[in-house]
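Everything below concerns the one structure shown next.
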Amino acid sequence: MSELCYLDATELALQIGRREISPVEVVRALRDRAEALNPRLNALVTHYEDAEDRAREAEAVVRRGERLGPLHGVPFTIKDSFDTAGVRTTRGSLLFFDRVPDRDATAVARLRDAGAIPLAKTNLPEFALWWETDNLVFGRTPNPWNLERTAGGSSGGEAAALAAGLTPLGLGSDLGGSIRLPAHYCGVVGLKPTHGLVPLTGHWPEVLLDYMHVGPMARSVRDAAVALAAIAGPDGEDARAVPVLRPAAVVGGGSLAPLRIGWLTNAFGTVDAGVAAVVARAAAALHDAGATVEEAELPGFAARDCNTLTLMLYGAGAAAYFDRVVAGRQQELHSFLARRLSGRTHPTLDGFLAGEAAVEALRRELAAFFRGHDLLLCPTAPTPAHGHGLVELELEGQMLPPRTTMRATIPFDLTGSPALNVPFGRSADGLPVGVQLVGRHFEEGAVLRAGSALEERSEETARRPNLV
């Protein structure tokens, strides 16, 4: 039954449509696996009690020969920062312990419209504002590859569930790397689409919307493409959602020519030697796939501390909002969030405007890079998954602050660029190592094509954590 749990969403939809397997069979297999493994992983936190009933309805539709959506009968999971109609949405916080929304977030509703069946909500750090998944409502989610290591944050529950075969598809969100970092740590696919391509309606928090992204997480690039096609496009509610055509869900096969890809490892500071080696191998694989590949530079990115920049911009942009949310209930917050909210600095107007100017400079430099290249290949993170409760990150003989883990992901939240994590290697102790592909705005197609080419050439696709 574990083989069924590791089929990707695309294959599940095909087999369900051909009546080779039943949606009920899939839901039961995933439920059985979750019953066996989730007590150790703590990735799934709230289950849809009617998932099997919905699966029976989906099976009946197939039997009647009705037209099927692209994800008909396929279960999916949802980060607990998305509103879900009639199902508890805690946002990882005691402040919202009993909160039950009356409608679905747009991305959730669109996956359901595509025929997918919601299975469970997944764990996250409180308010989705930490690089590790832990909270006072549900506790910590470890990494399925090594329970002593982090699954990352803030979409750590999604990444862990995918890696462990508890779900074939999930919804995550990304403000500083929260889709891509957990995907890198847990060895799954994570796509942060272009800012504005997927509406944020029904996702929380309701601030920092100029930098927040919603996107799919999966075990295959083609699944990410199918899910993106389902959830993209304006919804008439999110004013930042742009009126562009939904991207086609077609990837894989053929030469990457004439794509021009620049690759680098050093624009975001020191990286682990093993991570750098995986990026170099990925560059060689893309060359073998037909792309023109060359080493490149982003001097402005290398010279700028985007971590410090976001601390100032995000703190200034969200301080008043979170002060209202937690007013009088600070003692109910997780210690990391209490420290974070109490340790904020308040920039001057000149400082804030200088920060926005710095973001614009990053966008201009990246635009200049893309005049000569179609894609950027770089690390997703400087190291594989680290231990829980990180206080200092040890990296190539240096002791660095924990936020160093986000220095290769944060810049592309600031620029709003599409960025994809693809598993492509492993560390000396067997932990997954991903690489990051970044593209021009609204050119997800090129990002996904290159990601699919890497996936086809990766030995990591069939590897699974040893949890049994």
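- Taking both residues in full, the closest heavy atoms of Pro234 and Pro243 are given as CG-CA, 3.8 Å, listed atom of the first, atom of the second, then distance.
- For CD of Glu237, the number of neighbouring non-hydrogen atoms (other residues, nucleotides, ligands) closer than 6.0 Å is greater than 12.
- Shortest non-hydrogen contact noted between Thr46 and Phe138 is OG1-CZ, 4.0 Å.
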Begin from the C-alpha positions of Lys192 and Asp174 and carry the test salt bridge (Lys or Arg N to Asp or Glu O under 4.0 Å) through to its verdict.
CA-CA 7 Å; Lys192 179 186 78 68; Asp174 197 308; over 6 Å; no
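- One side chain, Asp223 or Thr10, offers a donor N or O that lies under 3.5 Å from an acceptor on the other.
- Taking all atoms of both residues into account, the shortest heavy-atom contact from His388 to Glu132 is CA-OE1, 3.5 Å.
- Salt bridge Arg219/Asp8: absent, no basic N to carboxylate O contact under 4.0 Å.
- Side-chain contact between Leu71 and Phe76: absent, with no pair of heavy atoms (C-beta onward) separated by less than 4.5 Å.
- Side-chain atoms of Thr383 and Asp272 include no donor-acceptor pair closer than 3.5 Å.
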Asp104 and Arg112: CA distance, side-chain angles, deciding distance, salt bridge (Lys or Arg N to Asp or Glu O under 4.0 Å) verdict
CA-CA 10 Å; Asp104 285 328; Arg112 294 179 66 167; 3.0 Å; yes
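- Geometrically, Arg180 does not engage Phe412 in a cation-pi contact, judged by NZ or CZ lying under 6.0 Å from the ring centre and within 45° of the ring axis.
- Between Phe352 and Met312, the shortest heavy-atom distance links the atoms CA-SD, 3.9 Å.
- For Val435 against Thr380, the heavy-atom pair with the smallest separation is C-OG1, 3.2 Å.
- The closest side-chain heavy-atom distance from Trp263 to Glu295 is below 4.5 Å.
- Remark: Arg91 is positioned above the aromatic ring of Phe96, its terminal NZ or CZ atom under 6.0 angstrom from the ring centre and at most 45 degrees off the axis.
- The neighbour count for Arg99 CZ, taken as heavy atoms of other residues, nucleotides or ligands under 6.0 Å away, is above 12.
- With hydrogens and angles left out, the side-chain atoms of Lys79 and Thr122 include no donor and acceptor closer than 3.5 Å.
- The minimum heavy-atom distance between Leu129 and Phe322, with the atom names listed, is CD1-CZ, 3.6 Å.
- Using cut-offs of 30° and 60° for the angle between ring planes, the Tyr185 and His386 rings count as perpendicular.
- Side-chain contact between Arg88 and Phe97 is present, with at least one heavy-atom pair separated by less than 4.5 Å.
- Within the 4.5 Å cutoff, no side-chain heavy atoms of Ser154 are placed close to those of Trp130.
- Looking at heavy atoms from C-beta onward, Leu264 lies in side-chain contact with Phe268 at the 4.5 angstrom threshold.
- Around the CD atom of Glu356, the shell of radius 6.0 Å holds more than 12 heavy atoms that belong to other residues, nucleotides or ligands.
- Inspection of the Thr194 and Glu444 side chains reveals an N or O donor paired with an N or O acceptor under 3.5 Å.
- In summary, Arg240 and Asp210 engage in a salt bridge, as defined by a charged side-chain N under 4.0 Å from a carboxylate O.
- At a threshold of 4.5 Å between non-hydrogen side-chain atoms, the residues Trp145 and Pro432 count as touching.
- For Trp204 and Phe127, the distance between ring centers is under 6.0 angstrom.
- Under the 3.5 Å distance criterion, with hydrogens and angles disregarded, a donor-acceptor pair is assigned to the side chains of Asn123 and Asn135.
- Side chains of Thr77 and Thr167: a donor-acceptor N/O pair is present below 3.5 angstrom, by distance only.
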